[in-house]
Amino acid sequence: MRLQTLLEARWILAILGVLLLASLFFSLWLSLLFLLLIGYTFFFFRDPDRSVPIDQNAVVAAADGKVMDIVEVDESEFIKARTRRIGIFLSIFDVHTNRAPVDGRIVYLQRRQGACFDARRPECSEKNEAMTWAFENPRATIVVRQLTGAIARRIVGWSDVGDDLRKGERFGMIRFGSRTEVYLPLTATVLVNVGDHVAGGSTIIARLPEQ
């Protein structure tokens with residue numbers, strides 16, 4: 001359990017703690033409910049270490065979750081070119097920390113206000129609140145987009161433009177169910193399929209061409 005991640009839950013835990021203490025005077029069953037919610041909050045904000053592949057051409061998942069789609073799209077915000085997008089849906093049971101897909105410098109960071117549609121719906125990519133990151137290295141520029149969902153309402157960023165991150169290093173999180181998208185160059189070879197469950201910072205989702 002990392003302190004930085006757990007601090008994102010401080011107000012939730014504080015409110016649940018107060019409600020737990022108050023419920024002790026009224027109902028044991030109600031107290032048990034709040035105790036379970038506190039336990040789930042600790043579970044949700046868990047942030048385990050991951051074994052990161054050392055292959056320089058490997059692109060790792062930027063989040064835990066289920067691969068919902070792999071499509072060719074125009075990335076119009078930063079790269080402004082045709083890319084291959086891998087969309088990952090994070091359920092309320094997945095780890096919600098986001099990790100750098102490659103070694104690289106953050107060269108772009110922009111938040112977009114928007115709606116909070118179900119993160120499994122196709123239109124959420126264009127309409128939901130989002131934060132877009134671009135990681136650049138000599139091999140490629142990879143864009144990662146964090147998207148809120150019907151339950152998730154807060155995107156957190158721990159890094160900034162100009163920061164150099166190692167592959168698998170944490171750069172932010174999304175609180176509760178949500179979606180993370182990775183935009184790859186068309187020359188990259190995708191190694192996952194729709195329906196696969198991936199682990200952020202560990203699962204290799206694609207491989208860049210040899211230099």
Side-chain angles (χ1 to χ4, degrees), residues 2 4-5 8 46-71 73 75 77-79 83-91 94-112 119-120 124-125 128-137 139-149 152 154-161 163-185 188-194 196-208:
R2 293 175 66 250
Q4 184 179 36
T5 308
E8 298 295 338
R46 70 198 186 283
D47 191 1
D49 290 328
R50 293 282 165 75
S51 176
V52 181
I54 61 174
D55 182 354
Q56 291 298 306
N57 292 318
V59 181
V60 299
D64 287 33
K66 181 181 179 180
V67 177
M68 298 299 292
D69 53 75
I70 302 172
V71 294
V73 296
E75 199 297 301
E77 188 169 343
F78 180 73
I79 298 177
T83 61
R84 187 163 285 107
R85 184 187 75 197
I86 299 178
I88 302 169
F89 173 72
L90 296 75
S91 78
D94 288 308
V95 174
H96 273 56
T97 304
N98 290 116
R99 298 169 184 261
V102 291
D103 293 339
R105 175 168 294 179
I106 299 172
V107 294
Y108 179 82
L109 172 58
Q110 184 66 48
R111 182 184 291 271
R112 179 188 74 198
R120 291 166 293 189
C124 80
S125 183
N128 281 21
E129 181 176 341
M131 187 177 287
T132 301
W133 307 71
F135 298 85
E136 186 176 77
N137 66 33
R139 292 176 175 80
T141 298
I142 308 293
V143 167
V144 176
R145 184 163 293 131
Q146 300 167 292
L147 291 148
T148 61
R154 176 171 166 78
I155 298 174
V156 178
W158 295 324
S159 300
D160 208 341
V161 172
D163 290 349
D164 290 305
L165 271 63
R166 303 294 297 174
K167 183 190 304 178
E169 189 173 347
R170 303 163 177 92
F171 66 86
M173 74 175 299
I174 316 172
R175 295 211 310 219
F176 303 107
S178 51
R179 177 180 169 99
T180 297
E181 298 174 340
V182 181
Y183 292 77
L184 303 164
T189 302
V190 175
L191 301 176
V192 291
N193 298 302
V194 172
D196 288 353
H197 194 278
V198 296
S202 180
T203 302
I204 299 176
I205 61 172
R207 193 176 302 279
L208 299 172

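Residue numbers start at 1 and run along the sequence shown. Fair warning: this is a prediction, and the values are worked out from it, not measured in the lab.
To the nearest 0.5 Å, the span separating NZ on Lys66 from CG on Asp196 amounts to 10.0 Å. We find the OG-NE2 distance between Ser91 and His96 to be 6.5 Å, quoted to the nearest 0.5 Å. Atom CD of residue Gln110 and atom CE of residue Met131 lie 9.0 Å apart, to the nearest 0.5 angstrom.
Among residues two or more places apart in sequence or in another chain, the salt bridge (charged side-chain N to carboxylate O under 4.0 Å, His left out) test is passed with Asp163 by none. Residues satisfying the salt bridge (charged side-chain N to carboxylate O under 4.0 Å, His left out) criterion with Glu136, sequence neighbours excluded, are absent altogether. Shown here are the side chain to side chain donor-acceptor pair (under 3.5 Å) partners of Arg99, two or more places apart in sequence or in another chain: Asp47. For Val156, the side chain to side chain contact (heavy atoms under 4.5 Å, CB included) partners at least two apart in sequence or on another chain are Glu8, Arg154, Trp158, Met173. For Thr180, the side chain to side chain donor-acceptor pair (under 3.5 Å) test picks out Asn98, with sequence neighbours left out. Looking at residues two or more places apart in sequence or on another chain, you find no salt bridge (charged side-chain N to carboxylate O under 4.0 Å, His left out) involving Arg139. Listed by chain and number, the residues in a side chain to side chain contact (heavy atoms under 4.5 Å, CB included) with Val71 are Asp69, Val73, Arg85 (sequence neighbours excluded). Taking the ring pair (Phe, Tyr, Trp, His ring centres under 6.0 Å) definition, one finds that Phe135 meets it with Phe171, sequence neighbours left out. A search for side chain to side chain donor-acceptor pair (under 3.5 Å) contacts involving Asn137 returns nothing, not counting sequence neighbours. By the side chain to side chain donor-acceptor pair (under 3.5 Å) test, Arg111 is found to be paired with Glu129, residues two or more places apart in sequence or in another chain being considered.
Here the side chains of Ser178 and Gln146 are not in contact, with every heavy-atom distance at 4.5 Å or above. The shortest distance between side-chain heavy atoms of Tyr108 and Thr141 does not fall below 4.5 Å. Here the side chains of Ile155 and Thr148 are in contact, with some heavy-atom distance below 4.5 Å.
Here the closest non-hydrogen pair linking Ala206 and Leu184 is CB-CD1, 3.6 Å. Listed here is the closest heavy atom pair of Ser159 and Arg170: OG-O, 4.1 Å. Closest approach of Ile70 to Val192, counting heavy atoms only: CD1-O, 3.3 Å. Leu208 approaches Ala188 most closely through the heavy-atom pair CD2-CB, 4.0 Å. Contact detail for Gly168 and Val60: the closest heavy-atom pair is N-CG2, 4.4 Å. Contact between Val182 and Ala62 at its shortest, heavy atoms only, is CG2-CB, 3.9 Å.
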Asn193/Val67 under side chain to side chain contact (heavy atoms under 4.5 Å, CB included): CA gap, chis, key distance, verdict: CA-CA 7 Å; Asn193 298 302; Val67 177; over 6 Å; no
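In this structure, Asp103 does not pair ionically with Lys167, as no charged nitrogen and carboxylate oxygen lie closer than 4.0 Å. Salt bridge annotation for Glu77-Arg112: absent, with no cationic side-chain nitrogen under 4.0 angstrom from a carboxylate oxygen.
Identified under the salt bridge (charged side-chain N to carboxylate O under 4.0 Å, His left out) test for residues 50-62, with sequence neighbours left out: Arg50-Asp64, Asp55-Arg207.
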Listing, residues 197-205 side-chain donor-acceptor contacts under 3.5 Å, not counting sequence neighbours, or none:
{"residue": "His197", "atom": "NE2", "partner": "Asp94", "partner atom": "OD1", "Å": "2.8"}
{"residue": "Ser202", "atom": "OG", "partner": "Ser51", "partner atom": "O", "Å": "3.3"}
{"residue": "Thr203", "atom": "OG1", "partner": "Ala199", "partner atom": "N", "Å": "2.8"}

